[in-house]
**Student:** 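Would you mind keeping the following structure in view while I ask a few things?
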Amino acid sequence: MSDHLMNTYMRQPVTFVKGEGVWLWDDKGEKYLDALAGVAVNGLGHAHPELVRAISEQAGKLIHVSNIYNIAEQAALADKLCEISGMDKVFFCNSGCEANEAAIKLARLYGHNKGIANPEIIVMDKSFHGRTMATLSATGNRKVQAGFEPLVGGFVRVPYDDVEAVKHVAEHNPNIVAILVEPVQGEGGINIPKEASAYLEALRQICDAHGWLLMLDEVQTGIARTGTWFAFQHTAIKPDVMSLAKGLGSGVPIGACVAAGKAAEVFTYGKHGSTFGGNPLACAAGLATLNAIEQENLRENAEKIGNLLREGFNAEFKNVKGVTTTRNAGLMIGIELDRPCADIVKMALEAKLLVNVTAENVVRLLPPLVMSEAEAQALIQRLCSVIKAFLNS
Ligand SMILES: *Cc1c(COP(=O)(O)O)cnc(C)c1O
């Protein structure tokens, strides 16, 4: 490893050199099963032929021109995102935190336009929205914030999955302009609201009653991860604003802030911008990703394989003390243990399996959307041996 990289990551001792589908190979020729997909990014798996073709073709024509010109691929991707979400307008950026920055700026501007001088946004405990100053301030995890004070103000925090807490704020705080919430919390430990659709529907009602914007952070849940294009499509509601990134470009950096109705008209000329955001290469990757998800029925596959994995793990862990629960929303899967289990990442790597541990005691799986039933069975076998070995160690 180079001495010239800042120490921001605890890196696993492995260097991957190529991939295909759900499989990766390291520089020694060892083959690994990828159940993390670059943290919900490589939905199409590795080296998907249609994606490779689209990116190569676009790179040979035009990679970047600047947003001061029309960009045909960007217009096409915006049209497609609005078609599949039922929303109206898109701002393109390069990452999840930037998509949330755009949402936060949009909410503040919306408030100022209504005459609220100090607009505030409701955010949740255990949330994760990114690591820029505004998004780490919105994030409900002290570890992400510590050392970076003073934090950005204007956020009011409530417990996740607690409608009464939001109602209480609504009664007492006239400065609120929006709620920012993940439909399923990813980094926070695959936290699924007890009645997921009822929760979002209740938040929608409160927003409507008070003229607030409902802003969903779908950076991790979006792009077919939970079995629908976007997690809100499991419910009867539509958000005013939605942030996307991770799976959208299959690894080519792209983020999007999508807005509907009155929220879509808030940003006007000069209010926001990005040098790289929505360039031809990134948008070609986004279009190829959405097309492949559609053509290969990957939403249906995410739901099917997600449920197969949960049932498989439940069967394996039925009488295993130490495993508290297994939960999933499509291919967002959490296996909660009764103890901190960070060591499982290393043990899994030794067993040629890529997984992640979040919230200290939750093994998190975010497999590629293209995973087959046979590959899912292989994942169950490998991970169960690792978890049982960990619990017996
Ligand atoms: C990963 C993530 C982000 C941050 O995305 P970056 O691209 O790393 O900035 C924001 N919100 C959620 C829900 C995420 O999972």
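When a ligand or atom number is given, it counts from 1 through the structure's own listing order.
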**Student:** Does atom 6 (P) of ligand 1 have any protein heavy atom closer than 4.0 Å?
**Tutor:** yes
**Student:** Could you give the distance from CZ (Arg225) to CD1 (Ile293), rounded to the nearest 0.5 Å?
**Tutor:** 9.5 Å
**Student:** Tell me the protein heavy atom at minimum distance from atom 1 (C) of ligand 1, and give that distance in Å.
**Tutor:** Lys246 NZ, 1.4 Å
**Student:** Starting from atom 11 (N) of ligand 1, find the nearest protein heavy-atom neighbour and note its residue, name and distance.
**Tutor:** Asp217 OD2, 2.7 Å
**Student:** Counting only nitrogen or oxygen atoms and a 3.5 angstrom limit, does Gly96 reach ligand 1?
**Tutor:** yes
**Student:** Considering the heavy atoms of Glu182, write down every atom of ligand 1 situated less than 4.0 Å from one of them.
**Tutor:** 13 (C)
**Student:** Could you check whether atom CZ of Arg382 has more than 12 heavy atoms from other residues, nucleotides or ligands sitting under 6.0 Å from it?
**Tutor:** yes
**Student:** Going by distance only, is there an N or O of Phe128 that falls short of 3.5 Å from an N or O of ligand 1?
**Tutor:** yes
**Student:** Does one hydrophobic cluster hold both Leu151 and Phe155, with members joined at side-chain heavy-atom distances below 4.5 Å?
**Tutor:** yes
**Student:** Should the proximity of Val39 to ligand 1, defined as any heavy atom under 4.0 Å, be assigned to the side chain, the backbone, both, or neither?
**Tutor:** neither
**Student:** Any Lys/Arg nitrogen of Lys80 or Glu294 sitting under 4.0 Å from an Asp/Glu carboxylate oxygen of the other?
**Tutor:** yes
**Student:** Answer with side chain, backbone, both or neither: which part of Ala245 has a heavy atom less than 4.0 angstrom from an atom of ligand 1?
**Tutor:** neither
**Student:** If the cut-off is 4.0 Å to any non-hydrogen atom of Gln220, which atoms of ligand 1 fall inside it?
**Tutor:** 15 (O)
**Student:** Any atoms of ligand 1 less than 4.0 Å from a non-hydrogen atom of Ser95? List them with their elements.
**Tutor:** 7 (O), 9 (O)
**Student:** Give a yes or no on whether the backbone of Leu136 and the side-chain of Gln145 come within a donor-acceptor separation of less than 3.5 Å.
**Tutor:** yes
**Student:** Distance from His272 atom NE2 to Glu101 atom CD, nearest 0.5 Å?
**Tutor:** 7.5 Å
**Student:** Going by the order shown, which atoms of ligand 1 are within less than 4.0 Å of some heavy atom of Asn100?
**Tutor:** 10 (C), 11 (N)
**Student:** Return the residue, atom name and 0.1 Å-rounded distance of the protein heavy atom closest to atom 9 (O) of ligand 1.
**Tutor:** Cys97 N, 2.7 Å
**Student:** Counting heavy atoms not belonging to Glu300, are there more than 12 under 6.0 Å from its CD?
**Tutor:** yes
**Student:** Rounded to the nearest 0.5 Å, what's the gap from OG1 on Thr326 to CG on Leu309? Could you check?
**Tutor:** 10.5 Å
